[in-house]
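Written below as structure tokens is the structure these notes are about.
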Amino acid sequence: QVELVESGGGLVQAGGSLRLSCAASGRTVITYHMGWFRQAPGKEREFVSAINLYGDNTFYADSVKGRFTISRARNENLVYLQMNNLKFEDTAVYYCAARLSSGDRSDSRQYPYWGRGTQVTVSS
């Protein structure tokens, strides 16, 4: 079993920055690929970013590319999402997720383990 706990969300003005953290615990978390998803009110959950188990391959949705950076500290079972130049449309609940499979990293169905989410609100 893998447990994921997100933190770092909050209220920020447009153009500001936040860093989300995901603390992972459980069986051999360092062997999992990790991802961040988000869900805005009235919208479906969408892929934001992913990082492989070694931390040397990262992937981003087009909407956040160049503004967000995903990273992981494997020895500490932590995954981060640095979010810069935030926009109003980035407002959402952000979820951390973990998967073992090497399938489509942007497909939420590939991730069996999820955190409860952290709210990010960007004021315009």
Side-chain angles (χ1 to χ4, degrees):
Q1 186 68 22
V2 175
E3 294 185 356
L4 304 172
V5 179
E6 304 93 337
S7 61
L11 174 64
V12 63
Q13 288 187 333
S17 298
L18 284 173
R19 188 176 82 156
L20 305 183
S21 299
C22 173
S25 61
R27 48 178 295 198
T28 53
V29 175
I30 62 173
T31 64
Y32 284 70
H33 306 287
M34 303 296 292
W36 286 96
F37 290 75
R38 67 187 182 187
Q39 187 166 19
K43 295 187 177 181
E44 294 187 354
R45 190 171 297 188
E46 65 173 0
F47 170 76
V48 175
S49 182
I51 189 166
N52 70 340
L53 66 94
Y54 299 111
D56 58 357
N57 275 331
T58 58
F59 312 91
Y60 300 94
D62 288 342
S63 59
V64 306
K65 200 171 294 183
R67 300 187 298 121
F68 290 11
T69 303
I70 190 172
S71 60
R72 67 189 298 171
R74 297 184 76 217
N75 58 336
E76 297 178 2
N77 287 336
L78 289 168
V79 179
Y80 303 102
L81 186 68
Q82 177 67 42
M83 306 186 296
N84 298 328
N85 191 22
L86 282 161
K87 303 177 180 180
F88 176 76
E89 50 265 39
D90 294 319
T91 296
V93 177
Y94 283 70
Y95 298 90
C96 176
R99 65 187 177 95
L100 278 173
S101 72
S102 59
D104 184 355
R105 62 186 71 86
S106 67
D107 184 351
S108 61
R109 296 170 297 180
Q110 298 289 331
Y111 295 80
Y113 303 107
W114 292 82
R116 294 189 175 185
T118 184
Q119 176 70 45
V120 172
T121 303
V122 184
S123 61
S124 57

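Numbers here are sequence positions counted from 1. Basis for what follows: all heavy atoms, side chains included, without hydrogens, waters or symmetry-related copies.
Residues that satisfy the salt bridge (charged side-chain N to carboxylate O under 4.0 Å, His left out) test with Glu46, not counting sequence neighbours, are Arg38.
Both Trp36 and Val120 belong to a common hydrophobic cluster when Ile, Leu, Val, Met, Phe, Trp and Tyr are linked at side-chain heavy-atom distances under 4.5 angstrom.
Put simply, CZ on Arg67 and OG on Ser49 are 12.0 Å apart, with the number rounded to the nearest 0.5 Å. With rounding to the nearest 0.5 angstrom, the CZ atom of Arg19 is 9.0 Å from the OG atom of Ser7. To the nearest 0.5 Å, atoms CZ (Arg105) and CZ (Arg99) are separated by 6.5 Å. Separating the CG atom in Leu53 from the CZ atom in Arg72 is a distance of 6.5 Å, to the nearest 0.5 Å. Considering OG of Ser123 and CD of Gln13, their distance stands at 5.0 Å, rounded to 0.5 Å. Atom OH of Tyr32 is separated from atom CG of Asn77 by 11.0 Å, given to the nearest 0.5 angstrom.
Between the Asn52 side chain and the Asn57 main chain, a donor and an acceptor come within less than 3.5 Å of each other. Looking at Glu6, its side chain does come within 3.5 Å of a backbone N or O of Cys96 through a donor-acceptor pair. The backbone N or O of Leu11 sits nowhere less than 3.5 Å from a side-chain atom of Thr121 that would complete a donor-acceptor pair. For Asp107 (side chain) and Asp104 (main-chain N/O), no donor-acceptor pair under 3.5 Å exists by modelled atom type.
Residues Tyr60 and Val48 have side chains not in contact (no heavy-atom distance under 4.5 Å, counting atoms from C-beta outward). Ser25 is not listed as a side-chain neighbour of Val2, based on a closest heavy-atom distance of 4.5 Å or more. You'll find the side chain of Met83 reaches within 4.5 Å of the side chain of Tyr94, heavy atoms only. Using a 4.5 Å cut-off on side-chain heavy atoms (C-beta onward), Val5 and Glu3 make no contact. Side-chain atoms of Gln82 and Ser71, non-hydrogen and from C-beta on, never get closer than 4.5 Å to each other.
Between Lys65 and Asp62, at least one side-chain nitrogen of the basic residue sits less than 4.0 Å from a carboxylate oxygen of the acidic one, meeting the salt-bridge criterion.
Around the NZ atom of Lys43, the shell of radius 6.0 Å holds no more than 12 heavy atoms that belong to other residues, nucleotides or ligands.
Between Ser124 and Ala14 the shortest heavy-atom distance is CA-CB, 4.3 Å. Closest heavy-atom contact between Ala98 and Leu4: N-CD1, 3.8 Å. Scanning all heavy atoms of the two residues, the minimum distance from Ala92 to Ala40 falls at CB-N, 3.8 Å.
The other members of the hydrophobic cluster of Phe37, by chain and number, are Phe47, Phe59, Val93, Tyr95, Tyr111, Trp114 (side-chain heavy atoms under 4.5 Å, ILVMFWY only). With a 4.5 Å cut-off between side-chain heavy atoms of Ile, Leu, Val, Met, Phe, Trp and Tyr, the cluster of Tyr80 takes in Leu78.
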Evaluation steps, side chain to side chain donor-acceptor pair (under 3.5 Å), between Thr91 and Glu89: CA-CA 5 Å; Thr91 296; Glu89 50 265 39; over 6 Å; no
side-chain contact (heavy atoms from CB on, under 4.5 Å) assessment of Leu86 paired with Leu18: CA-CA 8 Å; Leu86 282 161; Leu18 284 173; 4.2 Å; yes
